[in-house]
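Everything on this sheet refers to the single structure shown next.
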Amino acid sequence: MFNKIMTIAEFLGDAEPQIQQTPSIFDYNNWQLVKSMDSFKQSVTDLNNNAKEFFDMMKTIHHYFANPILLWNGFISISFWVCLIVCLSSFLIYLMNDRKKDLDRSKFCFALWILLKILDMSIKRV
């Protein structure tokens with residue numbers, strides 16, 4: 001089948017010359033590389049932003065726990081609204097059911113709020 005032994009010159013003489021194409025900077029694959037680098041850059045930027053937001057939040061939480069007077073002031077400011085809601089709802093339930101226990105709950109909540117305000121004023125005076 002392969003009886004004839006070809007010389008290198010004969011072999012190369014039958015071969016077709018192949019032109020090697022050098023990639024240009026405007027090649028499609030290079031644009032894909034640029035796109036992937038842009039998406040990588042965007043994902044790193046998003047990661048950095050998320051980490052910055054997380055550490056800012058942790059800094060705020062640490063600030064509040066390091067300064068307990070801020071937590072106390074927040075607790076006192078919210079306690080008014082909690083007391084108001086509990087007192088009004090207890091009073092409305094008392095009007096509907098006419099049970100003294102519901103009115104006592106309203107009185108207790110109001111007295112507790114007064115005590116909290118007195119404690120707050122004594123802390124602020126010190």
Side-chain angles (χ1 to χ4, degrees):
M1 181 175 211
F2 293 103
N3 294 347
K4 183 179 176 189
I5 297 177
M6 295 177 70
T7 63
I8 295 177
E10 290 174 344
F11 177 74
L12 291 177
D14 292 339
E16 295 179 11
Q18 294 190 2
I19 300 171
Q20 183 180 3
Q21 295 182 351
T22 57
S24 69
I25 59 170
F26 302 109
D27 192 16
Y28 176 73
N29 292 332
N30 288 338
W31 284 114
Q32 288 295 103
L33 181 65
V34 169
K35 283 183 188 177
S36 65
M37 289 301 290
D38 285 342
S39 66
F40 176 73
K41 180 181 168 187
Q42 183 63 36
S43 64
V44 168
T45 304
D46 291 343
L47 183 64
N48 287 340
N49 290 339
N50 290 341
K52 183 180 181 301
E53 289 175 10
F54 172 75
F55 286 116
D56 286 343
M57 181 185 64
M58 293 307 290
K59 184 174 74 171
T60 304
I61 290 172
H62 178 266
H63 177 70
Y64 280 111
F65 281 118
N67 300 312
I69 195 71
L70 296 174
L71 289 175
W72 176 256
N73 289 339
F75 177 70
I76 292 298
S77 65
I78 289 175
S79 68
F80 170 75
W81 294 106
V82 171
C83 176
L84 184 69
I85 290 170
V86 170
C87 286
L88 287 177
S89 61
S90 297
F91 186 69
L92 288 175
I93 291 172
Y94 168 72
L95 290 177
M96 288 187 288
N97 294 337
D98 197 27
R99 288 190 308 197
K100 188 168 177 15
K101 181 176 69 171
D102 296 322
L103 191 59
D104 289 342
R105 189 178 303 140
S106 178
K107 290 176 185 176
F108 173 75
C109 184
F110 184 70
L112 184 64
W113 181 72
I114 293 292
L115 287 175
L116 278 174
K117 288 304 275 186
I118 290 171
L119 184 62
D120 182 45
M121 295 302 279
S122 65
I123 288 174
K124 287 184 178 179
R125 296 234 178 201
V126 172

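Keep in mind it's a predicted model, so treat the numbers as computed, not measured. Computation of the quantities below employed the complete heavy-atom set of this structure, encompassing side-chain atoms and omitting hydrogens, waters and symmetry-equivalent molecules.
Applying the side chain to side chain contact (heavy atoms under 4.5 Å, CB included) rule to Leu116 yields the partners Trp72, Phe75, Ile76, Ser79; only residues at least two apart in sequence or on another chain are considered. Residues passing the salt bridge (charged side-chain N to carboxylate O under 4.0 Å, His left out) test with Lys41, sequence neighbours excluded: none. Listed by chain and number, the residues in a side-chain hydrogen bond (donor to acceptor under 3.5 Å, both in side chains) with Asp56 are Lys52 (sequence neighbours excluded). With sequence neighbours excluded, the residues that form a side chain to side chain contact (heavy atoms under 4.5 Å, CB included) with Ile61 are Met57, Met58, Phe65. Under the rule for a salt bridge (charged side-chain N to carboxylate O under 4.0 Å, His left out), Asp46 has no partner lying at least two apart in sequence or in another chain. In terms of the side-chain hydrogen bond (donor to acceptor under 3.5 Å, both in side chains) criterion, residue partners of His63 (sequence neighbours excluded) are, by chain and number, Asn67.
Thr45 OG1 to Asn50 CG: the interatomic distance, rounded to the nearest 0.5 Å, is 11.0 Å. Atom CG of Asp104 sits about 13.0 Å away from atom SG of Cys109, to the nearest 0.5 Å. Atoms CD1 and SG, on Ile78 and Cys83 in that order, are 14.0 Å from each other to the nearest 0.5 Å. For the atom pair Tyr64 OH and Leu71 CG, the distance stands at 8.5 Å (nearest 0.5 Å). Going from atom SG of Cys87 over to atom CG of Leu103 covers 10.0 Å, rounded to the nearest 0.5 Å.
Applying the salt bridge (Lys or Arg N to Asp or Glu O under 4.0 Å) test to residues at least two apart or on different chains, none of the pairs has a partner in residues 77-91. For residues 94-116, every residue pair satisfying the ring-ring contact (aromatic ring centres under 6.0 Å, His included) rule, not counting sequence neighbours, is listed here: Phe80-Trp113. The salt bridge (Lys or Arg N to Asp or Glu O under 4.0 Å) pairs that include a residue from residues 108-123 are Asp120-Lys124, where partners are two or more places apart or lie in different chains.
Alongside Ile85, the hydrophobic cluster contains no other residue (criterion: ILVMFWY side chains under 4.5 Å). Side-chain contacts under 4.5 Å among hydrophobic residues (ILVMFWY), followed directly or transitively, place Leu47 with no other residue at all. Applying the under-4.5 Å side-chain rule to Ile, Leu, Val, Met, Phe, Trp and Tyr, the cluster around Val44 extends to Phe40.
The shortest heavy-atom contact between Ser106 and Ser90 is CB-CB, 3.7 Å.
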